[in-house]
Amino acid sequence: MTHMKDSGFSKAYDPKEHEQVIYKRWEDSGLFNPDNLPERHTQPFCMTMAPPNVTGSLHMGHALEYIISDVLIRYKRMRGYRVLWLPGTDHAGIATQNVVEKELKKEGKTRHDLGREKFLLRVWKWKETYGEIILDQLRKLGASLDWSRTRFTMDTAYQKAVEMAFLHYHQKGWIYKGKRTINWCSRCVTSLSDLEIEYREEKTKFYYIQYGPVIIGTVRPETKLGDTALAVHPDDERYRQYAGKEILIQSVDPNVPRTEAPRLKEISIKVISDEAANPEFGSGVIKVTPAHDITDFEIKERHHEVPVIKVIGEDGRMTHEAGIRYEGMAVREAREQIVKDLEAIGLLSRIEDYIHNVAVCYRCGTVLEPLLSDQWFLKMDELAKKAREAVVSGKVVFHPKRWEKLYFNWLDNIRDWCISRQIWWGHRIPLEGETDVLDTWFSSALWPFVTLGWPKKTKDLATYYPTNVLTNDRGIINLWDARMIFSGLEFVNEVPFKDLVIHATILTSEGKRMSKSLGTGIDPLRLIEKHGADATRFGIIWQAMGGQDIRWAEEHVVAGKKFLNKIWNASRFVLQQTENSNIPDAKPKTTLDANSNIIQTFEASRDRVTAHIEHFEFGQALHDIYDFFWHTFCDQYLENAKHPELKDKKETNETLLWVLASSLKVLHPFIPFVTERVWENLPKEKKELLIIETWPR
RNA sequence: GCGCGCGUAGCUCAGUUGGUUAGAGCGCUUGCUCGACACGCAAGAGGUCAGAGGUUCGAAUCCUCUCGCGCGCACCA
């Protein structure tokens, strides 16, 4: 029992006693920094961690992503790679600005009260206070990141790199400024790209309005004030007589003051032929409002005679051009007013209930207002081609492969990227007289090579780029992954990563998306607090079977906790049995069947685990080594080893120690703390930290 | 509307190219305080593999359809 006494091996494993101490030991060893790895670590392996927003604290999505990344990273380190896992945070333009604005609001102020400069100081202060919190939480998870290389998407060198990238595109003529109808969030007071939109089902009314000889259905009668044409499908026989002609219609006079009763006004409007009009839907005639509908704007682009009238402003209120009757009204108010007016003058034919999807801001949930605006765009045709080719040629491989479809689907229907945002927190557009900032994803897109030193030709960039693996949720395949791919190809001439692993999304036990605002989220820090990091990691990985969504079940964390205890006690037993023996350097030579068998069975299990990790099947890998360790090694072999025919034999002791030590190595990527802790107790000369021990052969 | 994924024990999920009594974890039942572990050990109950039809000597596994759930795209005038 001397091993046990010396090392303070108590009967039950308590993660709280060990985890923080062990993480400190790893960090102090400097081995998370590839520069400090032993000589034998030659071939580079690199991942640049998806930088979390400085607004956030760790949620289950992060936990899953960083845990499986860490499994891969630790595995590769043990395989002898020169491993770099690079951490950092994202300034997350709109999201962070919103958080700080909310804070200001509590003080009764807006950002405009402070002015741009003071507001930005305030955001920086916020970033300094909260930006590192999420990174500290990663330490609790056991993430083996090289903290010496931590980056931020707005650190000085990063800002310079973003500027370089913008100017590069600008010189190529791929960046242009244009008046176009874009998605506008009147709460965030900024434009959004087509990927920063979410859809929400909404019950609304569908209004049928008389337009001279035809009737038109719409959910947004207030945009009627900005109608500049009608459109019918070229093949629609019903309306052939009107196509291409100006027709006279009765409408409501928008310049009659609100205080007076509505009056009719006769106006002339052009009817054009366009395939966007669907004869099957509604009356088959559409009103064209180019300033407030993206499809309508595209129609206008095809028919240059169609004018543009902007009747809704950036503040979500009706403009002067809407007419004095409606000017200044919020969109909803204006809608009610115009419906009332149309009804009063007999132009409203009927109203139906209607359910449809409305576009909302992905950051604040406000219903978006498409409107005509002056914005900067990045031409996408060449870049999309590059991104497409990278996946077609296999330079970037999706896992599972089916997610390619989502990627191709976006690239094949791409619109130019609206890259300007009317917020203050972000990278300023580096041109004279420009006040806008860049879409936060413009800088994120450069992450894998800027963090390695670009635009400088650094040693890191030469060594670690292209990086090997990126893993993230399907939700940002186009928002981030696609843009990193074309950016990498454009600026470094190489894809940013070779394998793109789309991991599962963790849902609630009811199968719903976890949501902070609904209070349905599980807090991984609470799990760590309650069960320890290893058990949390175990529970999450156990459920990560392929790319399938996970309905969260905490019982697997509990199972993990039990498993740690099993490992702990099995190790105590082995040490007790094998007193005065050392772990053999090589696989022991055995003559007894039981010993030979357990070694063989271990090797088969190790090979399955290895193959599973190589294929990014982390759950399966864990199931395999779990099953071997508990049911084969403990339940069968350790019991046999108590019997006289095996007990106290030299080869049995060697086998016990060798299989235990080798199992700890295979288990280490999944549950690093307990394995390192037990490893520390094993009798071995010249022992290194388990994190750089060699994967068993 | 188009496409993708899923529907297997009470619950959360595995089931590789179709092939013996369909597996795991948790839960449940019955025994075990025999010096590694009761966060344990041993034994066990529990499944018409969503439904219908088809291919096959043989299907949870392949094909068709239906139903249910989730997601992406389109529509959303």
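Keep in mind it's a predicted model, so treat the numbers as computed, not measured. Each chain gets a letter, A, B and so on, in the order its sequence line appears, and its residues count up from 1.
- Taking the six-membered ring where tryptophan is involved, the planes of F633(A) and Y637(A) are essentially parallel, since the angle between them stays under 30° and well short of 60°.
- Each of I216(A) and H623(A) was assigned the nucleotide of RNA chain B with the nearest heavy atom; the assignment lying further toward the 5' end belongs to H623(A).
- The side chain of Q576(A) has A36(B) as its nearest neighbour among C37(B), C13(B), A36(B).
- As rounded to whole Å, 9 Å separates atom P of G72(B) from atom CH2 of W403(A).
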Dot-bracket encoding of pairs in RNA chain B, which uses [ ] for pseudoknotted crossings and | for another strand, Watson-Crick or G-U under 3.5 angstrom: (((((((..((((.....[...)))).(((((.......))))).....(((((..]....))))))))))))....
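- Judged by distance alone, the side chains of T652(A) and N595(A) do bring a donor and an acceptor atom under 3.5 Å apart.
- Residue contacts shown for A277(A) include a base, since a base heavy atom lies under 4.0 Å away.
- In this structure, the separation between CD1 on I68(A) and CD1 on I541(A) is 8.5 Å, given to the nearest 0.5 Å.
- Note on K401(A): nothing from the nucleic acid sits closer than 4.0 angstrom, heavy atoms only.
- Counting to the nearest Å, the C1' atom of G25(B) and the CH2 atom of W542(A) are 5 Å from each other.
- Of all nucleotides listed (G15(B), C37(B), A24(B)), G15(B) comes nearest to the side chain of Q620(A).
- Here the rule is side-chain hydrogen bond (donor to acceptor under 3.5 Å, both in side chains) with H612(A), and of H623(A), E617(A), Q620(A) only E617(A) fits it.
- Nucleotide A24(B) holds its C1' atom 12 Å from the CD atom of E555(A), rounded to whole Å.
- When the C1' atom of C73(B) is taken as reference, atom CD1 of I197(A) falls 13 Å away, rounded to whole Å.
- Across C75(B) and G58(B), the matching C1' atoms stand 47 Å from one another, rounded to whole Å.
- The aromatic rings of F538(A) and F563(A) lie tilted to each other, with the angle between the two planes from 30° to 60°.
- C76(B) atom P lies 16 Å from atom CG of D194(A), rounded to whole Å.
- Counting to the nearest Å, the P atom of C26(B) and the CZ atom of F563(A) are 12 Å from each other.
- Annotation: R332(A), atom CZ; neighbour count of heavy atoms from other residues, nucleotides and ligands within 6.0 Å does not exceed 12.
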Summarise protein proximity over nucleotides 27-34 of chain B in one line of letters, 5' to 3': B for base, S for sugar-phosphate only, - for none, counting protein heavy atoms closer than 4.0 Å. S-------
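- For the pair D624(A) CG and U16(B) P, the interatomic distance rounds to 14 Å; values are reported in whole Å.
- Which of C39(B), G70(B), U12(B) sits closest to the side chain of A553(A) comes down to U12(B).
- On the C1' atoms, A52(B) is 15 Å away from A59(B), given to the nearest whole Å.
- Here the separation of C13(B) from A36(B), taken at their P atoms, is 38 Å to the nearest Å.
- Separation of the P atoms belonging to G18(B) and C63(B) is 11 Å when rounded to the nearest angstrom.
- Here C34(B) is in the syn range [glycosidic angle within 90° of 0].
- In this structure, K566(A) forms no cation-pi arrangement with Y626(A), as its terminal cationic atom is not both closer than 6.0 Å to the ring centre and no more than 45° off the ring axis.
- No hydrogens or angles considered: a donor-acceptor pair under 3.5 Å links the side chains of Y362(A) and E196(A).
- Spacing between A60(B) and A43(B) at atom P, rounded to whole Å, works out to 28 Å.
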Give each protein N/O atom lying under 3.5 Å from an N/O atom of nucleotides 2-5 of chain B, with the pair distance.
residue : atom : partner : partner atom : Å
G5(B)   : O2'  : Q548(A) : OE1          : 3.4
G5(B)   : O2'  : Q548(A) : NE2          : 2.8

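- Rounded to whole Å, the C1' atom of G19(B) lies 44 Å from the corresponding atom of A74(B).
- A side-chain contact (heavy atoms from CB on, under 4.5 Å) with M514(A) holds for exactly one of D523(A), L507(A), I506(A), T505(A); it is I506(A).
- Here V288(A) lies out of heavy-atom contact (under 4.0 Å) with every strand.
- Using modelled atom types, one finds a donor on one side chain and an acceptor on the other under 3.5 Å when comparing K287(A) with T223(A).
- Q636(A) contributes no side-chain N or O that, together with a main-chain N or O of I598(A), makes up a donor-acceptor pair within less than 3.5 Å.
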For nucleotides 41-43 of chain B, give me every protein contact, N/O to N/O, under 3.5 Å, one pair per line with atom names.
residue : atom : partner : partner atom : Å
C41(B)  : OP1  : K566(A) : NZ           : 3.0
C41(B)  : OP1  : W630(A) : NE1          : 2.5
C41(B)  : OP1  : D635(A) : OD1          : 3.2

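- A side-chain contact (heavy atoms from CB on, under 4.5 Å) with F673(A) holds for exactly one of L564(A), I22(A), V678(A); it is I22(A).
- To the nearest angstrom, C1' of C75(B) lies 12 Å from CG of D293(A).
- Checked against C39(B), G25(B), A36(B), the side chain of A12(A) finds its nearest nucleotide in C39(B).
- Listed pair Q543(A) / C13(B) fails the phosphate criterion, with no side-chain N or O lying under 4.0 Å from OP1 or OP2.
- With sequence neighbours excluded, the residues forming a ring pair (Phe, Tyr, Trp, His ring centres under 6.0 Å) with H399(A) are F616(A), listed by chain and number.
- Between the side chain of Q543(A) and the backbone N or O of A553(A), at least one donor-acceptor pair lies under 3.5 Å.
- Crowding of K642(A) atom NZ: a count of heavy atoms from other residues, nucleotides or ligands under 6.0 Å exceeding 12.
- Closest contact between the side chain of Y354(A) and the listed nucleotides A36(B), C13(B), C76(B) involves C76(B).
- Projected onto RNA chain B by closest heavy-atom contact, A559(A) and L564(A) fall at different nucleotides, the more 5' of which corresponds to A559(A).
- Within the 4.0 angstrom heavy-atom criterion, only backbone atoms of the sugar-phosphate kind lie near K287(A); the bases stay farther away.
- For Y354(A), the ring pair (Phe, Tyr, Trp, His ring centres under 6.0 Å) criterion is met by F206(A), H356(A), not counting sequence neighbours.
- Considering only the side chain of R572(A), C37(B) comes nearest among C73(B), G15(B), C37(B).
- We find the CD1-CG distance between I583(A) and L657(A) to be 6.0 Å, quoted to the nearest 0.5 Å.
- One P atom belongs to A22(B), the other to U12(B), and the distance between them is 23 Å to the nearest Å.
- For the C1' atom pair drawn from G23(B) and U8(B), the interatomic distance equals 10 Å after rounding to whole Å.
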